[in-house]
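Below, all heavy atoms of this structure are taken into account, side chains as well, without hydrogens, waters or symmetry copies. One-based numbering along the sequence shown.
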Amino acid sequence: MKKILLTGASGYIGGNLLKEIKDDYQIVAASRSTKNKENEQNVEWKKVDLFSIKDVENAMEGIDTAIYLVHSMQPSAKLTQASFVDMDAILADNFGRAAKKQGVKHIIFMSGIMPHENAKDLSDHLRSRLECEKILGSYSVPVSTLRAGLIIGPKGSSFPILKKLTERLPALVLPKWAYSKTAPVALKDVVKGLSALIERSPEENESIDIFHDVTDYKGMFKATAKVMGKKLPMMDLPIIPVSITKPIVSLITEEPKELVYPLLDSLVHDMVPSKENYVEGITNAPTPLEESIKTALEEDKEGKKKPKKSESIGRALKKSDVKSVQRITIPSSWSIDQTANYYMNWLSRIGMSFINTAIDGDTLSISLPIFKDPILILQKNKDYTDDDRVLFMIKGGKFSKTVKEGEEGRARLEFRRVLDTNECIIAIHEYEPTLPWFIYKFTQARVHLIVMTLFGWETKILEKTLDSTYLVDKGKKQKRLKSSL
C-alpha cells in the first residue's frame with residue numbers, strides 16, 4: 001500500500017477524506033491532539049505539532065504522498081501574537097523542508113480558487129493561500145494544489161456562516177460583496193477530488209480548480225433559503241462596504257472574528273475558475289448546487305444530535321505557552337545568520353545599559369542589570385540551521401521555565417527567509433514565561449512586540465539605504481565597464 005501522511009486529519013475536510021481513503025492506503029493521521037483518537041486498520045494516529053520541523057520530519061518518515069490540509073486562522077497557543085498569514089508561511093515551510101529531507105514523492109495541498117487580479121491586491125486570506133502554495137512548491141517535491149471556492153458542507157468556515165445568516169435573519173440587506181462571483185462545490189466532490197490526486201504522479205507543480213457552477217453570493221443566499229423552505233426578502237444596497245458588515249456577521253453567526261474577518265475580506269474578489277486549471281474528472285464536480293445544500297443541511301441536523309466527543313485543542317494541550325511571530329524586511333544582501341546576529345547586537349545597543357546581550361560560541365544570553373543571572377539563555381541548534389533559517393533553543397534564564405533534567409525543551413526562537421525574498425520571519429514558539437501570566441501578558445509580552453516593531457523599522461530603513469547604495473554602485477560599475485569597452 002502507498003503510505004500517506006494526512007495532516008488536518010481531525011478537521012472538517014481531513015476527517016471526511018480519511019474515511020474515503022483509509023481502505024486503499026496506509027494512513028498516518030496527524031493532529032496536534034490525539035486525545036480520543038484510536039488507531040484502526042490502515043490508520044495510525046500521530047501527535048504532530050506542524051510548527052516543529054522535527055515533529056514533521058518524524059511524521060514523514062517512509063511517506064510516499066503528504067497531504068496538507070492546514071490553516072492557522074485560529075490561535076494555537078494560550079497567547080498568540082501573530083497574523084495567520086505569517087503562521088501559515090511557517091507551517092508550509094516546515095512541511096516543504098521535511099518532505100524534501102524525507103524523500104516524499106508528492107504533496108497535495110487544498111487551497112482556494114484564485115482571482116485574476118494581481119497577487120498584491122488579494123485579501124490576506126487568499127494571498128496567504130497563494131504564498132503557501134509557492135512555499136510548498138519550492139522544495140523540488142511536486143505539489144498538486146486543489147483549488148475550491150465555497151465548499152458546501154455542514155462544518156468548516158464559509159457555508160456555515162452563510163447558512164446561519166439565512167436561517168437567523170428575517171430579511172437580507174445585500175452589501176457590495178453579495179455580487180461577487182463564486183464557484184461553490186459540494187464537500188463530497190472535494191473529497192473525491194483530493195482522493196483522485198493521490199494517484200497522480202506530476203513531474204512539476206500543478207494547480208487544479210474544482211467546481212460545479214458559477215454564481216454570486218446573492219444566488220447562494222437564494223438557493224439556501226429555497227432549500228430551507230424559507231421566504232427571505234432581499235434588498236440590494238451595494239454601497240455598504242465589507243468593513244461595516246464584518247462585525248455584524250460575526251455577531252449574528254456567533255463565529256469568532258479571527259475566522260469571519262479574513263473570509264469576508266476575500267469576498268470582494270470574483271473567484272472564477274480558470275481554463276488553464278481544468279482537469280477532466282476532477283474539475284467538473286457532478287453535484288448540483290441545491291443538492292449540495294440539502295445534503296449539508298441534513299448532515300448538520302444529524303451532527304447536532306451526536307454528543308461532542310472531544311474538547312478543543314487549547315484545552316487539550318493545557319499549556320501556558322506563547323507564540324509570537326513577526327515578519328520584517330531585511331537588506332537583500334543580508335543572510336539570515338547576519339540578520340540574527342544584527343538583532344542580538346541591536347538589542348544590546350537600543351537597550352543601552354539596561355539590556356545586555358553576550359555571545360559565547362553558539363550560546364547567547366540576554367541580561368538585565370537588576371538580576372545577577374541572565375533572563376534568557378539561548379543555544380543555536382546547528383542541525384536545523386542553514387542558509388535560510390537559524391534556530392535557537394531557549395534553554396532557560398530567569399524569565400523562562402527551565403527544562404527538567406533528562407527532558408528536551410521545545411521553546412525556541414527562529415529566523416527564516418520567506419521564499420527567495422528579502423522578507424524574514426522571526427518567531428518564538430512554545431515559550432513558557434516564569435512571570436505570573438497576568439503580569440507577563442501586560443509587561444514582557446507587550447515589550448517584546450514593541451521591540452520587534454522597532455527592529456522591523458530599523459531593518460526596513462537599512463534595506464532602503466543599503467539596497468539603494470548597492471544599485472548606485474552597480475550602476476557606476478556598469479557605466480565604467482561600458483566606457484572602457
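Two residues are said to be in side-chain contact when any heavy atoms from C-beta on lie closer than 4.5 Å; Gln26 and Glu44 fail this criterion. Between Pro142 and Glu203, the closest side-chain pair of non-hydrogen atoms is not below 4.5 Å. Between Leu378 and Leu376 there is a side-chain heavy-atom pair separated by less than 4.5 Å. With contacts defined as side-chain heavy-atom distances shorter than 4.5 Å, the pair Phe109/Leu69 does not qualify. Side-chain contact between Cys424 and Arg417: absent, with no pair of heavy atoms (C-beta onward) separated by less than 4.5 Å. Looking at heavy atoms from C-beta onward, His448 lies in side-chain contact with Gln326 at the 4.5 angstrom threshold. Side chains of Val322 and His429 form no contact here, defined as non-hydrogen atoms less than 4.5 Å apart. Counting heavy atoms from C-beta on, the side chains of Val325 and Ile425 come closer than 4.5 Å.
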Asp64/Lys105 under salt bridge (Lys or Arg N to Asp or Glu O under 4.0 Å): CA gap, chis, key distance, verdict: CA-CA 5 Å; Asp64 298 298; Lys105 300 179 181 68; 3.2 Å; yes

Arg200 vs Thr65, test: side chain to side chain contact (heavy atoms under 4.5 Å, CB included). Steps then yes/no. CA-CA 10 Å; Arg200 291 178 70 83; Thr65 298; over 6 Å; no

For Lys3 and Glu61, what are the C-alpha separation, side-chain angles and deciding distance, and is it a salt bridge (Lys or Arg N to Asp or Glu O under 4.0 Å)? CA-CA 10 Å; Lys3 193 172 183 180; Glu61 189 173 353; over 6 Å; no

Between Ile198 and Ile67, is the side chain to side chain contact (heavy atoms under 4.5 Å, CB included) condition met? List the steps. CA-CA 9 Å; Ile198 295 175; Ile67 303 176; 4.0 Å; yes

Side chain to side chain contact (heavy atoms under 4.5 Å, CB included) evaluation trace for Glu206 with Val143: CA-CA 6 Å; Glu206 60 178 4; Val143 178; over 6 Å; no

Can you check salt bridge (Lys or Arg N to Asp or Glu O under 4.0 Å) on Asp388 and Arg416, steps first, answer last? CA-CA 6 Å; Asp388 293 321; Arg416 73 169 80 198; over 6 Å; no

Go through the steps for Thr329 and Glu423 under the test side chain to side chain donor-acceptor pair (under 3.5 Å), then give the verdict. CA-CA 5 Å; Thr329 302; Glu423 292 182 338; 5.2 Å; no

Residue pair Asp88, His71: steps toward the side chain to side chain contact (heavy atoms under 4.5 Å, CB included) verdict: CA-CA 6 Å; Asp88 274 346; His71 211 341; 2.8 Å; yes

Apply salt bridge (Lys or Arg N to Asp or Glu O under 4.0 Å) to Asp337 and Lys380, showing your working. CA-CA 11 Å; Asp337 193 49; Lys380 184 181 286 188; 3.1 Å; yes

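Taken from CG in Leu146 to CD1 in Ile13, the straight-line distance is 9.0 Å, to the nearest 0.5 Å. Annotation: the span from Ser138 atom OG to Arg97 atom CZ amounts to 8.5 Å, rounded to 0.5 Å. Here the CG atom belonging to Leu391 is positioned 13.0 Å from the CD1 atom belonging to Ile336, to the nearest 0.5 angstrom. Distance CG/Asn42 to CD1/Ile4: 11.0 Å, rounded to 0.5 Å. The line from CG of Asn277 to CD1 of Ile113 is 9.0 Å long, rounded to the nearest 0.5 Å. Going from atom CD of Glu57 over to atom OH of Tyr384 covers 4.0 Å, rounded to the nearest 0.5 Å.
Listed for the Thr434 side chain is a donor-acceptor partner under 3.5 Å among the backbone atoms of Lys398. In terms of modelled atom types and a separation under 3.5 Å, the side chain of Asp265 and the main chain of Ser123 share no donor-acceptor contact. Ser274 contributes a side-chain N or O that, together with a main-chain N or O of Glu276, makes up a donor-acceptor pair within less than 3.5 Å. Using modelled atom types, one side-chain atom of Tyr68 and one backbone atom of Ala92 make a donor-acceptor pair closer than 3.5 Å. Proximity of a side-chain donor or acceptor of Thr363 to a complementary backbone N or O of Ile359 within less than 3.5 Å is not detected. Using a distance-only test at 3.5 Å, with no hydrogens or angles considered, a donor-acceptor pair links the side chain of Thr283 to the main chain of Val279. The backbone N or O of Tyr431 sits nowhere less than 3.5 Å from a side-chain atom of Asp321 that would complete a donor-acceptor pair. Listed for the Ser400 side chain is no donor-acceptor partner under 3.5 Å among the backbone atoms of Gly397. At least one donor-acceptor pair under 3.5 Å links the side chain of Ser266 to the backbone N or O of Pro262. No donor-acceptor pair closer than 3.5 Å links the side chain of Asp270 to the backbone N or O of Val272.
For Ile355 against Leu368, the heavy-atom pair with the smallest separation is CG1-CD2, 4.0 Å. Annotation for Asn422 and Ser332: closest pair ND2-OG, 4.0 Å, computed over non-hydrogen atoms. In terms of heavy atoms, Gln338 sits closest to Ser333 at OE1-O, 3.6 Å. Scanning both residues, Ser250 and Glu255, for their nearest heavy atoms gives OG-O, 2.7 Å. The two residues Trp45 and Val43 come nearest to each other via the heavy atoms NE1-CG1, 3.9 Å. Residues Gly96 and Leu136 share a closest heavy-atom pair of N-CD2, 4.1 Å.
Heavy-atom neighbours of Lys246 NZ from other residues, nucleotides or ligands within 6.0 Å: above the threshold of 12. Residue Trp437 qualifies as enclosed at atom CH2: its count of foreign heavy atoms under 6.0 Å is above 12.
Judged purely by distance below 3.5 Å, without hydrogens or angles, the side chains of Glu280 and Tyr278 pair a donor atom with an acceptor atom. A donor-acceptor pair shorter than 3.5 Å cannot be found between the side chains of Asn94 and Arg389. If you check the side chains of Ser180 and His269, you find no donor sitting under 3.5 Å from an acceptor. Residues Ser367 and Asn356 bring no donor and acceptor atom of their side chains to less than 3.5 Å of each other. A donor-acceptor contact closer than 3.5 angstrom links the side chains of Ser207 and Glu133.
Using the six-membered ring where Trp is involved, Phe455 and Tyr343 have ring planes that are perpendicular, over 60° apart on the 30 and 60° scheme. Aromatic ring pairs are classed by plane angle as parallel below 30°, tilted from 30° to 60° and perpendicular above 60°; the pair Phe392 and Phe415 is perpendicular.
Judged by the 6.0 Å distance and 45° axis criteria, Lys155 is not positioned over the aromatic ring of Tyr12.
Pairs of residues two or more places apart, or lying in two chains, that qualify as side chain to side chain donor-acceptor pair (under 3.5 Å) and include a residue from residues 14-24 are Glu20-Lys192, Lys22-Glu40.
Under 4.0 Å is where a charged nitrogen must lie from a carboxylate oxygen, and between Lys323 and Glu430 no such pair does. Between Glu131 and Arg327, at least one side-chain nitrogen of the basic residue sits less than 4.0 Å from a carboxylate oxygen of the acidic one, meeting the salt-bridge criterion.
For the salt bridge (Lys or Arg N to Asp or Glu O under 4.0 Å) test with Asp55, the passing option among Lys47, Arg410, Arg32, Lys46 is Arg410; the others fail.
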